[in-house]
Structures are given as C-alpha cells and as structure tokens.
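This report concerns only the one structure given below.
Heavy atoms only: backbone and side chains are in, while hydrogens, waters and symmetry mates are out. All ligand and atom numbering here is 1-based and tracks the order in the structure.
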Amino acid sequence: MKHFPIFMALEGRRVVLSGGGEAALAKLRLLLKSEAKLTVVASDAAPEIQAWAADGKLHLIARAMEPGDALCASLFYAANEDDAEDARVAALAHRDGALVSIVDNLADSQFITPAIVDRDPVTVAIGTEGAAPVLARSIKKSLEEQLSPNLGLMARVGKAFRAKVEALPFGAKRRAFWSDYYKADVKAENAAQERLETLLDQHLNAPEREGWVDLVGAGPGDPELLTLKARSALDKADVIIYDRLVAPEILELARREATLISAGKEGFGPSVSQDAINEMIVSHARGGAHVVRLKSGDPTVFGRLDEEIEACEACGITWNIVPGITSASAGVAALGQSLTKRGRNSAVRLITGHDTKGYADHDWRALAQPGEVAAIYMGKKSARFIQGRLLMHGADPATPVTVIENASRPTQRILSTTLSELEPSLTEANLSGPALVFLGLAPRAALEAADQFDQQEAAI
Ligand code: SAH
C-alpha cells in the first residue's frame, strides 16, 4: 500500500487551490463539501468559481500564484492543467509548508484524492493508486446503488442517540442493536428517531443471549476455498480461536471487532494444551460470546473435535459444525487426480503419521497391497517409519508416493517420488510448511513436467 487512506479534519483549516478551469472546478465541487476555508488563486477563474466567491463560499485571489499564498495551508492543489505552471505553483506551496497534490500527476503528488461515495457523515473513499481509475468509477457506481441515499440521515440521527444506547452493555449487545437499526431503510428523521426508540426498548427487554460455538473448517489455505457458512461465521463471531495452520489471509476476513486468539497448535503439536483450549472455548461462550473455533481443513479430520464438543456439552453450550475442505481434497486436486478411481481403488484411507503417543500404527499389511491409496496427514516426520513398515509388509518399492506441501496456497510444492525413494527425498526437499503424503498416487501425467520442475526446486 503506497498510499495510506485517512480522513482528515479540515474544519476551519486552510486549503488553497491554484487554477480556474475544468480541473479546478471538479476538485472544488468536492472540497466545497468539506468545512475547510477555501482559497482559489487564479487569474482567469471560471464564472462558477467567481459566483462561489461572491456567495462567500471561498476566497478568490484573482492573479497568478505568488510565494506565501499557501502559508498555513493544510492542503494545496495545483489544478492549472499546465505542467509548467503546476510545477511552479507546487514548488511555491512546498516552500510554504503545505501538502501538495497535482491534478493528474501522481508521481509529483504527496497525496491523492479518492473517488468518494458521500452519505455524510458516512463517506466511502475509493483509491487505486492511479492503477485503475475506471475500476474506481465502477466500484463507486455500484456502491452508489447499494447504499441507500438515506444512510447519512440514519447515521446522523443514530449519532445523536448514542448516549441512550449506553443503557445496553458494551460489546455484542450494543453491536446487535446498531446492526438491527441499519437493517431498515428509513426515509425521514422522525421515522429514524421512532425506530431507534422502539428498537432500544426491544433490545433492553430481550432475554439474555446465550453464547454458542461454531466449530468451523477454514479449508487448506486458499481463502476462496472457504464455505459461505464459514465466511458468514467469521463475519459474525465475537471470538475466534484459531490453529496455527489457519492461513493469515483467512483471519483477515474476521470482523474487525472480533477477538482473535491463537491456539498455537499445528496438528497434534502441544503448544497450548487441549484442556486449555477447551477451557478457553467454554469460558468465552459462557460469557455470551459467539465463539468460532477455527481449524485448518475440515474440523472433523484429525482435529480433536470430539474433545471440544464434549467440553461444550459438559457445560450445556450449543455447538455446531461447519465442515471445510480437507487438505487431502485440495491436495489431489493439485495433482489432477481422484481420491478414488474405478478399477484402481474403491476405498481411500485418511491416516495420520503421528498421534499423541508418537508414530501411529496402522494395518500395514492392507496398506501394502497394490492399488491402495492413502492420504497421510502429519506424515513428514514419520515418513521413514511408514516407508519401513510398508516395505517390510511387502509393498512394491516402485509404488508412487507424492508429497504436497502448502496445498492450495501460493507456496504450494509437489514432490513426486516412489516408496523406496520417499526417504531421503523428503528430508532433502526440506519442506517447512504443512505437507500431506499420498501413498499410491502420482501427479497426472499431464502435470508431470511441472512436477519435475517442482521436484528439482524442492531438492535445491
Ligand atoms: N483438519 C485438517 C488436518 C489437521 S492435521 C484437514 O482437514 O486438512 C494437520 C495436518 O494436515 C498437517 O500436518 C498436514 O499433513 C495437513 N495439512 C493441513 N493443511 C495442509 C495444506 N495446506 N497442505 C498440505 N497439508 C496440509
């Protein structure tokens, strides 16, 4: 972000503009919405500018800009539509200490004026850092259609009512009140006032809200693989308790007021104990909060979900599971393969390399059969153990094995190998992100060239 958006207090502050033509008029129409003290310096000001000056809406200095004209100005606009003149006046304004913007000259401007959707006091500012003015216009158009013209009126009446709303406790209850208020489109001031009074009455007399817990799957990392339900839970949650594997891009989608708490766990890693996490979930929900327990992939796959559900049930807390896309689904998608295939495997196993007690044991004899497919979660550290067990039980050393790291994320890497080569290839690849090991699956041939590239890359 090269330009950081802010809303500047201009009430009573000096803003100076040099120029008297079309560009000056366009800027002045915006600036006149503010409460700044406007000065225009122009030897040939358009009739509209002269009329505004006559009405006392701005001060007009009818000559070319001179040193000192921008003294004490907060902002200065060069709008002469003449590069040489704009450069001259900008240099003068710099010397006078104003922040300078030159119309249609991004490179020499210290600030830019966004496209504005005006529902005063609600203002939406849209900027593209000069990259896509057409896009800015189309965003503005769609927001103009979306936001009721009465929004400003509602916000103004609402603002005057804020003190009364303090009768509701701070936090979720007050938020619920305001979000109810803005759900309706009110056309007149007295209707807005009436709505506020009625709603406040309803909210003050509403029965105690009980907290509840959504156990939500965040998917493998790509935010577009979130379900709409997960998205809406993130929009509404008061508290979000997330695992380390949940991608930061997904946490960005959380409501700004939500409390975000890291549960610090990676898979079965021990950073925060499961008991401490259960306690955290339960105590927030008991306090009336909508808790989202956010887990990578699907919460029902190697997520210690049942322990958290049991903790909720023990305290009579309502819970609900929002499924997500498990990393095995994202992984095979990246390989261009199916998890099951007619004639190859009619079953697929989701297994873990590790459990709380160490390396996990499985039916190795069955897994060693030709055509078996398994997605091995948390299989990085235990790869040598798994390789040894399978070979010992007669698996074909040439069985394809594919390791996929950071499935669905921009950092995704694929290592395509065989059972006999799994180690040391995996150790040599030095993967640092979460990785799934697919036993019995190779990337589809069409993707092979890319795989080899990845493999080489991984080996570096
Ligand atoms: N509930 C999760 C799994 C949690 S266990 C799910 O459904 O995906 C943690 C393991 O999941 C990691 O050790 C890794 O094996 C796997 N994993 C999670 N996200 C992954 C990703 N983006 N790419 C590859 N593997 C991933």
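Interface of Y377 with ligand 1, defined as ligand atoms under 4.0 Å from a residue heavy atom, comprises 3 (C), 6 (C), 8 (O), 11 (O), 15 (O), 16 (C). Counting the atoms of ligand 1 from 1 in the order shown, those under 4.0 Å from a heavy atom of T326 are 6 (C), 7 (O), 8 (O). Those atoms of ligand 1 that come under 4.0 Å of a heavy atom in I404, given as number and element, are 24 (C). Under a 4.0 Å criterion applied to the non-hydrogen atoms of F302, ligand 1 contributes the atoms 4 (C), 5 (S). Close approach of ligand 1 to V301 (heavy-atom distance below 4.0 Å) involves ligand atoms 1 (N), 2 (C), 3 (C), 4 (C), 7 (O).
The six-membered or imidazole ring of F111 lies away from that of H3, with a centre-to-centre distance of 6.0 Å or more.
When non-hydrogen atoms are compared, ligand 1 lies under 4.0 Å from neither the backbone nor the side chain of S408. Of the heavy atoms in R409, only side-chain atoms (C-beta onward) come closer than 4.0 Å to ligand 1. Contact annotation: for T352 versus ligand 1, there are no heavy atoms closer than 4.0 Å.
In summary, the side chains of W319 and E313 do present a donor paired with an acceptor at a separation below 3.5 Å, with no hydrogens or angles considered. The closest side-chain donor-acceptor pair between Y377 and T326 falls under 3.5 angstrom.
Heavy atoms of G331 come nearer than 4.0 angstrom to ligand 1 in no pair at all.
Among pairs with a residue in residues 400-412, those fulfilling salt bridge (Lys or Arg N to Asp or Glu O under 4.0 Å) read E405-R413, at least two apart in sequence or across chains.
The residue among S327, G297, A328 with a heavy atom at the shortest distance from atom 19 (N) of ligand 1 is S327.
Around CZ of R29, the count of heavy atoms belonging to other residues, nucleotides or ligands within 6.0 Å exceeds 12. Heavy-atom contacts from other residues, nucleotides or ligands closer than 6.0 Å to CD of E189 number 12 or fewer.
Using a 4.5 Å heavy-atom cutoff, the side chains of D396 and P370 are not in contact.
An N or O contact shorter than 3.5 Å links S296 to ligand 1 by distance. In terms of polar-atom proximity, A407 is counted as a contact of ligand 1, with an N or O under 3.5 Å from an N or O of the ligand. At under 3.5 Å, a nitrogen or oxygen of M378, whether backbone or side chain, sits near a nitrogen or oxygen of ligand 1.
In this structure, F161 CZ and M154 CE are separated by 12.0 Å, a value rounded to the nearest 0.5 Å.
The existence of a salt bridge linking E145 and K141 is confirmed by a sub-4.0 Å separation between a basic side-chain nitrogen and an acidic carboxylate oxygen.
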